[in-house]
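Working notes for the structure below.
Note on naming: letters A, B, ... go to the chains in the order of the sequence lines (proteins, then strands), and numbering restarts at 1 for each one. Source: prediction; values computed, not measured.
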2 protein chains.
Amino acid sequence: MAEPEVSRAVRALWGIHDAVPRRGPKPAMSVPAIARVAVALADEEGLDAVSMASVAKRLGFTAMSLYRYVDTKDDLLQVMLDAAYGPVTLPAPEPGDGWRSAATAWARALLDRCLAHPWLVDVRMSSPPLTPHSVGWMDAGLRALGGTGLGPQQVASSLLILDGYVRSHVRLLHEYSEEGLRTWSTRLRSVIDEEATPTVWMALQADVFDDEPAEEGPWPSDDFVFGLEIVLGGIEQLVEGS
Amino acid sequence: MAEPEVSRAVRALWGIHDAVPRRGPKPAMSVPAIARVAVALADEEGLDAVSMASVAKRLGFTAMSLYRYVDTKDDLLQVMLDAAYGPVTLPAPEPGDGWRSAATAWARALLDRCLAHPWLVDVRMSSPPLTPHSVGWMDAGLRALGGTGLGPQQVASSLLILDGYVRSHVRLLHEYSEEGLRTWSTRLRSVIDEEATPTVWMALQADVFDDEPAEEGPWPSDDFVFGLEIVLGGIEQLVEGS
DNA sequence: GACAATTGCTTGCATCGTACGCAGTGAGCA
DNA sequence: TGCTCACTGCGTACGATGCAAGCAATTGTC
């Protein structure tokens with residue numbers, strides 16, 4: 001009946017340090033410093049560019065030395081995730097604002113973080129949030145949707161939907177390579193079978209998919225607001241119907 | 001000004017074969033056979049277990065021989081994806097049924113496929129759908145949501161939201177390891193700071209997160225229907241408001 | 001029967017995560 | 001002062017991975 005363990009590095013994020021070493025050389029690195037460098041690397045060159053060797057190289061050390069601070073690469077990813085999320089930053093809610101405005105603010109803030117670190121949505125986790133900042137975001141989300149008056153179970157479920165929407169949106173923006181997206185309609189036109197998929201075929205004829213990504217434009221993008229309104233509208237129906 | 005290329009294997013999926021070889025040994029494998037085996041491997045042991053070597057081994061060949069059929073591993077993944085999607089299978093729509101019932105059927109059918117091949121939602125693609133079956137699903141989705149009477153642009157956007165929801169749901173079900181999920185609340189309790197995240201803390205006290213995954217139960221699950229109703233309800237508001 | 005196209009395979013390379021063990025460091029105690 | 005030993009960063013090694021290049025065997029065409 002062993003107590004389930006939280007990794008050393010994650011415990012350190014919560015400020016829980018086991019007995020500090022009293023002898024031996026002073027550590028030359030630190031978990032936060034490693035996380036900072038790894039996050040910068042992921043921001044600049046993508047998540048695939050993050051390897052134990054590449055992170056260590058940026059710090060002027062060897063790959064193996066990182067293992068003195070982090071148990072495994074998954075552990076490093078957890079720490080990176082927490083650093084990238086960062087503390088929740090929400091505009092102070094105006095008194096009188098309803099849950100919908102709070103939920104909108106939360107989703108926008110999460111979008112902001114995810115756009116700053118697009119690799120965030122690609123990190124695969126083996127358990128729900130366990131680090132202080134990611135739990136912090138969850139906490140803020142629960143609080144925002146708590147204003148709906150729904151039961152705690154439904155609030156949690158709704159938050160999963162909303163969170164899932166924001167991540168889906170970010171994934172859509174970054175999953176496809178610039179070239180893959182630009183040449184997609186041309187390539188699809190070169191193989192598509194009008195008989196088998198007439199609806200897509202007609203949409204191609206009408207250039208429905210040929211809208212180029214807006215470099216400039218409002219923030220958040222119209223596409224994000226479009227989906228957000230759908231999700232929040234659906235939750236609103238749920239609230240009214242209960 | 002080179003024409004953007006579609007890979008050999010994907011063209012073959014559409015039935016477009018370039019000049020069949022007239023000389024030399026008969027091919028011992030085929031792209032569909034490779035895809036079948038790779039899909040089975042992914043179903044049984046997960047996407048990470050799919051390597052050129054492991055797939056080839058199951059077929060009784062060497063890793064390098066696969067490259068005679070498939071350009072790169074990404075190419076293999078595209079072919080696997082198409083095989084896993086398979087043809088769209090929707091119940092015949094009852095006359096008089098509205099778009100909402102059509103959209104529900106589409107989402108359920110997609111859920112069914114994604115649950116049969118959970119790795120489906122983890123395959124990273126570099127461009128939107130390009131293979132016959134994935135385009136087929138897109139086609140069916142556009143047709144289902146076409147009944148809303150929304151403009152083609154909004155239909156396409158709505159489909160992205162709906163598709164994103166189904167994938168998010170499947171990802172939630174399979175992202176976390178069984179152990180990671182089971183021990184999560186215990187581990188979180190061992191580190192959480194009541195002051196920093198009081199809402200999560202209270203939810204933990206109330207055992208809100210301790211519902212165990214239902215092994216038996218309705219299909220689709222209540223959780224899926226919950227989110228689906230939110231998304232479709234949001235789209236409905238959009239339809240009514242336009 | 002010579003040629004050429006096409007097969008599956010062998011070899012080799014760079015990169016990955018990480019297990020293992022060594023040498024040097026420096027605080028605490030004799 | 002010097003010994004001990006926990007602790008550091010590092011070098012080496014192993015098994016995977018995706019894939020480039022070239023080889024030998026096979027098959028159809030001339």
Side-chain angles (χ1 to χ4, degrees), chain A residues 7-9 12 17-35 37-38 41-42 45-80 119 122-126 177, chain B residues 7-9 12 17-35 37-38 41-42 45-80 119 122-126 177:
Chain A
S7 80
R8 216 174 2 126
H17 300 274
D18 357 50
V20 275
R22 317 189 57 78
R23 286 193 274 201
K26 308 265 184 205
M29 298 181 270
S30 73
V31 174
I34 292 171
V37 167
L41 189 65
E45 305 179 36
L47 195 56
D48 289 345
V50 175
S51 69
M52 299 305 265
S54 63
V55 172
K57 187 173 186 178
R58 278 220 177 183
L59 285 157
F61 294 91
T62 64
M64 289 313 295
S65 63
L66 291 186
Y67 286 98
R68 294 283 178 205
Y69 300 85
V70 146
D71 288 340
T72 66
K73 189 184 177 183
D74 277 350
D75 205 18
L76 170 63
L77 286 173
Q78 285 271 334
V79 173
M80 289 174 62
W119 48 269
D122 286 325
V123 176
R124 306 205 10 188
M125 295 187 299
S126 59
S177 70
Chain B
S7 80
R8 219 175 357 127
H17 299 275
D18 357 52
V20 276
R22 319 182 54 78
R23 287 191 274 201
K26 306 271 183 203
M29 297 180 270
S30 73
V31 173
I34 292 171
V37 167
L41 189 63
E45 306 178 35
L47 195 56
D48 289 345
V50 175
S51 69
M52 299 306 264
S54 64
V55 172
K57 187 172 186 178
R58 278 220 176 182
L59 286 157
F61 294 91
T62 65
M64 290 312 294
S65 63
L66 291 186
Y67 286 98
R68 294 283 178 204
Y69 300 84
V70 146
D71 288 342
T72 65
K73 188 182 177 183
D74 276 351
D75 205 17
L76 170 63
L77 287 174
Q78 285 270 334
V79 172
M80 288 174 62
W119 48 269
D122 286 326
V123 175
R124 308 217 328 178
M125 294 187 298
S126 59
S177 70

- Would you say A:D18 has more than 12 foreign heavy atoms packed within less than 6.0 Å of its CG? yes
- Task: Would you give the length of the straight line joining atom CD of B:Q78 to atom CE of B:M125, rounded to the nearest 0.5 angstrom?
- Result: 7.0 Å
- Residue met sooner reading DNA chain D from 5', once A:P25 and A:G60 are mapped to nucleotides: A:P25
- Message: How many whole angstroms separate atom CG of B:L66 from atom C1' of D:dC19?
- Response: 12 Å
- Quick one: is D:dT29 close enough that its OP1 or OP2 comes under 4.0 Å of any side-chain N or O from B:R22? yes
- Query: OP1, OP2 of D:dC7 versus side-chain N and O of A:K26: anything below 4.0 Å?
  - Reply: no
- Query: Looking for any heavy atom pair under 4.0 Å, which part of the strands does A:R68 touch: base, sugar-phosphate only, or nothing?
  - Reply: base
- With distance as the sole criterion, is a donor-acceptor pair present between the side chains of B:S7 and B:D75 under 3.5 Å? yes
- Quick one: label B:M64 by what it contacts on the DNA or RNA (base, sugar-phosphate, nothing), any heavy atom closer than 4.0 Å. base
- Message: Using OP1 and OP2 only, check whether a side-chain N or O of B:S65 sits under 4.0 Å from C:dC9.
- Response: yes
- Could you give the CE-to-P distance, from A:M52 to C:dA14, as a whole number of Å? 23 Å
- Query: So which nucleotide from D:dG9, D:dT29, C:dG28 ends up closest to the side chain of A:R23?
  - Reply: C:dG28
- Query: In whole angstroms, how far is the C1' atom of D:dC7 from the CZ atom of A:F61?
  - Reply: 15 Å
- Task: Considering just the side-chain nitrogens and oxygens of A:Y69, establish if one lies under 4.0 Å of OP1 or OP2 belonging to D:dG9.
- Result: yes
- Message: What's B:A63 touching, base or sugar-phosphate or nothing? Going by heavy atoms closer than 4.0 Å.
- Response: nothing
- Query: Would you call A:M29 and A:L59 a side-chain contact if the rule is heavy atoms closer than 4.5 Å?
  - Reply: yes
